[in-house]
Student: 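Take a look at this one; I'll ask things after.
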Amino acid sequence: MIIDLSELVFADTSLMLDFAMLARRLRAQDRAIRLRGAQPQIRTLIEIVGLHRLPGVRLEDPTPAVA
């Protein structure tokens with residue numbers, strides 16, 4: 001499952017918990033979530049809470065800016 005976070009400007013730990021629970025359910029089905037397009041502040045929160053280290057969660061690198 002791909003979750004596009006590109007327009008998300010605010011999140012808190014309750015959303016991170018929701019993502020963790022979703023990842024757990026998907027892992028039971030041999031599936032994963034890919035978090036795509038996270039703004040810097042959202043990416044920082046994901047990394048602080050360790051969501052990106054959970055099995056079944058992949059935090060995609062930000063798309064490089066076009067010069």
Student: Heavy-atom count around Glu7 CD within 6.0 Å, excluding the residue itself: above 12?
Tutor: no
Student: Give the minimum heavy-atom separation between His52 and Ile46, together with the two atoms involved.
Tutor: ND1-O, 3.5 Å
Student: Out of curiosity, does Leu8 fall in the hydrophobic cluster containing Ile2 (side-chain heavy atoms, cut-off under 4.5 Å, transitive links)?
Tutor: no
Student: Name all residues meeting the side chain to side chain donor-acceptor pair (under 3.5 Å) criterion together with Asp18; count only those two or more places apart in sequence or in a different chain, and write none if there are none.
Tutor: none
Student: Residues in salt bridge (Lys or Arg N to Asp or Glu O under 4.0 Å) with Arg36, at least two apart?
Tutor: Glu60
Student: If the test is side chain to side chain contact (heavy atoms under 4.5 Å, CB included), which one of Leu59, Leu35, Leu15 qualifies with Leu5?
Tutor: Leu35
Student: About how many Å separate CZ of Arg58 and CD1 of Ile3, when rounded to the nearest 0.5 Å?
Tutor: 12.0 Å
Student: Hey, is the main chain of Val9 close enough, under 3.5 Å, to the side chain of Gln41 for a donor-acceptor pair?
Tutor: yes
Student: Could you pull out the closest heavy-atom pair between Ser6 and Gln39, with the gap in Å?
Tutor: O-NE2, 2.5 Å
Student: Give, for atom CG of Leu17 and atom CG of Leu51, the distance between the pair rounded to the nearest 0.5 Å.
Tutor: 9.5 Å
Student: Side-chain donor-acceptor contacts of residues 20-28 below 3.5 Å, not counting sequence neighbours, with atom names and distances?
Tutor:
unit_1, atom_1, unit_2, atom_2, d
Arg27, NH1, Pro55, O, 2.6

